[in-house]
2 protein chains.
Amino acid sequence: MTEAEAFVPGHVTGFFTIHRDDDPTKAGSQGAGLALTDGVTVTVRPAEETSVRCNDVPVEMDAVETVLDTLQATARVDGQTPLPIGSGFGVSGAMALGTALAVNEAFDRRLSENELVTIAHGAEVQAGTGLGDVVAQARGGVPIRLEPGGPQDNLLDAIPARGPIEYHTLGELSTEEVISGDTDLLDQAGKRSLSRVVEEPTLSSFMRASRQFAREAELLTPEIRDVILDVNEAGGDASMAMLGKTVFSIDGGLSAAGYEPSTCRIDSTGARLLD
Amino acid sequence: MTEAEAFVPGHVTGFFTIHRDDDPTKAGSQGAGLALTDGVTVTVRPAEETSVRCNDVPVEMDAVETVLDTLQATARVDGQTPLPIGSGFGVSGAMALGTALAVNEAFDRRLSENELVTIAHGAEVQAGTGLGDVVAQARGGVPIRLEPGGPQDNLLDAIPARGPIEYHTLGELSTEEVISGDTDLLDQAGKRSLSRVVEEPTLSSFMRASRQFAREAELLTPEIRDVILDVNEAGGDASMAMLGKTVFSIDGGLSAAGYEPSTCRIDSTGARLLD
């Protein structure tokens with residue numbers, strides 16, 4: 001048993017629907033989003049006692065604990081990321097998936113990619129911190145989640161796109177709070193946006209469908225709307241990350257509007273072991 | 001309309017089965033293989049007349065022509081690759097898939113990744129030059145093809161692995177000739193090897209299953225067997241690329257045995273547009 005390291009891209013969801021199921025590996029969401037080169041590098045070291053850190057700070061992450069339990073591993077898990085936590089970048093999903101990949105390697109568990117993604121997805125759904133980030137992060141690129149659930153149940157497609165992404169974060173939003181409330185409005189809006197992107201799988205149609213969703217699902221706060229409008233006025237294309245107080249743009253729009261955004265790119269690779 | 005560029009990894013298949021279907025997008029193969037960082041960079045430029053070149057030499061590639069016809073594009077297609085052609089690296093599949101991705105971008109065809117992979121896969125099957133390379137090249141890594149066909153029909157998993165790959169090529173083998181003959185023996189051997197890898201999805205089990213397949217399907221020529229034995233004697237792990245007179249090793253085994261192999265790595269990303 002040695003230490004192992006995995007990288008998992010961040011993921012901003014543009015729109016989504018919610019699918020509940022007693023089996024957390026079948027529950028999840030439809031929707032679409034962007035995998036980002038800003039992500040989480042997860043290091044797993046076999047240890048006497050389990051501990052989880054993110055950017056050197058001890059954290060409680062139920063999804064990570066569940067992954068470790070499922071894989072019967074006692075380990076020190078260290079995540080390093082430039083992404084803000086709780087702001088719609090799928091950091092908890094990345095921690096869970098990175099832990100699954102690295103534990104499989106470090107503890108020689110001999111599971112397949114689908115099995116590891118299923119474990120991380122189920123753990124994330126059970127923890128209530130995400131519904132579709134893990135399967136999207138596993139694939140990379142601009143995944144369209146046509147059907148919910150883990151790899152044995154879902155159906156993915158993707159928008160063939162690459163390029164720079166900017167993001168600007170105003171604060172946190174609780175995924176758990178939104179997805180545990182009444183979600184009829186959200187589901188209907190999510191389905192409409194999904195149809196739109198399936199009909200025209202381009203990046204600009206994804207951005208339009210995402211803005212439409214944020215508005216129709218009534219998730220757009222006034223301060224986020226203001227930033228998006230600023231970007232539009234500067235001739236750019238922006239929307240809101242689900243779920244966080246984060247605005248992302250695909251064409252340098254946040255910079256053009258005078259913000260000082262973080263910049264990265266679409267990550268085509270998806271989650272992978274590092275050397 | 002502008003020019004566009006895509007990279008598609010090479011792909012060596014370790015073992016496979018053959019599934020015929022009147023619909024070439026449903027036909028294909030089960031099996032497993034390695035996506036390689038040595039691949040094909042495909043550039044597509046709208047032109048008055050269609051022409052296809054590989055490493056600056058005009059080539060006839062039915063799969064590429066079919067992709068261009070399907071996408072109603074008249075273009076100059078240029079492939080650049082360090083890989084030998086006809087030697088089991090999926091160069092024709094890479095050319096077809098790279099053409100599909102780049103044409104979609106250059107001609108603004110607005111198709112999804114799955115649609116483009118389906119078109120390239122169907123074209124490759126129709127041309128008789130490959131059965132599973134395209135879907136594996138689209139995914140990257142070490143794909144296991146659990147079910148045959150394009151993305152709407154198949155089911156993929158993967159071995160979570162990375163690392164260096166060496167290969168040594170002795171000459172060409174006709175894919176068309178092997179897969180158009182009597183293939184009962186091959187199918188049975190392919191199914192046994194697939195079960196083995198599904199049971200233990202590791203790189204070393206993949207190598208064992210691949211050698212077992214090459215032997216049982218009676219595809220191992222004496223000269224290829226000699227190279228594999230040389231590698232084994234040097235303490236390394238090697239097998240034969242399906243279908244080509246090519247030996248690949250995962251642990252520097254060809255170098256250790258005194259050959260002067262080409263070297264690359266497992267490509268985790270899969271086919272993608274380039275900037």
Side-chain angles (χ1 to χ4, degrees), chain A residues 4-7 9 32 35 97-98 100-105 108-118 138-144 146 150-164 197-206 265-275, chain B residues 4-7 9 32 35 97-98 100-105 108-118 138-144 146 150-164 197-206 265-275:
Chain A
E5 209 167 61
F7 174 82
L97 181 54
L101 284 166
V103 164
N104 185 65
E105 181 75 6
D108 195 21
R109 288 293 182 256
R110 305 180 179 209
L111 298 183
S112 75
E113 272 187 18
N114 286 1
E115 288 166 332
L116 296 168
V117 174
T118 300
R139 177 166 177 138
V142 189
I144 307 172
L146 296 170
Q152 300 298 332
D153 298 288
N154 71 10
L155 179 62
L156 298 181
D157 197 349
I159 296 170
R162 76 270 182 249
V197 165
V198 167
E199 205 175 301
E200 188 188 312
T202 65
L203 217 45
S204 62
S205 121
F206 165 75
R265 299 183 62 76
I266 292 172
D267 175 83
S268 304
T269 306
R272 66 266 194 185
L273 286 168
L274 299 176
D275 283 321
Chain B
E5 209 167 62
F7 174 81
L97 180 53
L101 284 165
V103 163
N104 184 63
E105 181 76 6
D108 195 22
R109 288 293 182 255
R110 303 180 179 209
L111 298 183
S112 75
E113 273 188 18
N114 286 2
E115 289 166 333
L116 297 168
V117 173
T118 300
R139 176 168 178 136
V142 189
I144 307 171
L146 297 169
Q152 300 298 331
D153 298 286
N154 71 10
L155 179 62
L156 298 181
D157 197 350
I159 297 170
R162 76 270 182 250
V197 164
V198 166
E199 205 175 299
E200 189 188 313
T202 65
L203 217 45
S204 62
S205 122
F206 165 75
R265 299 184 62 76
I266 291 171
D267 174 83
S268 304
T269 304
R272 65 267 194 184
L273 285 168
L274 299 175
D275 282 323

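Just so it is clear: chains get the letters A, B, ... in the order the sequence lines come, proteins before strands, and each one is counted from 1. What you see below is based on every heavy atom in this structure, not just the backbone, and it leaves out hydrogens, waters and symmetry mates.
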Considering all heavy atoms, the nearest [X]-[Y] contact:
X: B:Asn114; Y: A:Leu156; value: ND2-O, 2.9 Å
X: A:Pro151; Y: B:Leu155; value: O-CD1, 4.3 Å
X: B:Pro201; Y: A:Ser112; value: CG-N, 3.5 Å

Of B:Gly140, B:Pro160, B:Ser205, the largest count of non-hydrogen pairs under 4.5 angstrom with chain A goes to B:Pro160
By a 4.5 Å heavy-atom criterion (distance strictly below it), what part of [X] contacts chain A: side chain, backbone, both, or neither?
X: B:Asn104; value: side chain
X: B:Ile144; value: neither
X: B:Leu101; value: side chain
X: B:Thr202; value: side chain

B:Leu111 CG to A:Asp157 CG distance, which is reported to the nearest 0.5 Å
10.0 Å
Quick one: which of [options] has the most heavy-atom pairs under 4.5 Å with chain B, could you say?
options: A:Glu105, A:Gln152, A:Arg272, A:Glu115; result: A:Glu105
options: A:Asp267, A:Leu273, A:Val117; result: A:Leu273
options: A:Arg110, A:Arg162, A:Glu200; result: A:Arg162

Please classify the contact of A:Leu274 with chain B as side chain, backbone, both or neither, using a heavy-atom distance under 4.5 Å.
backbone
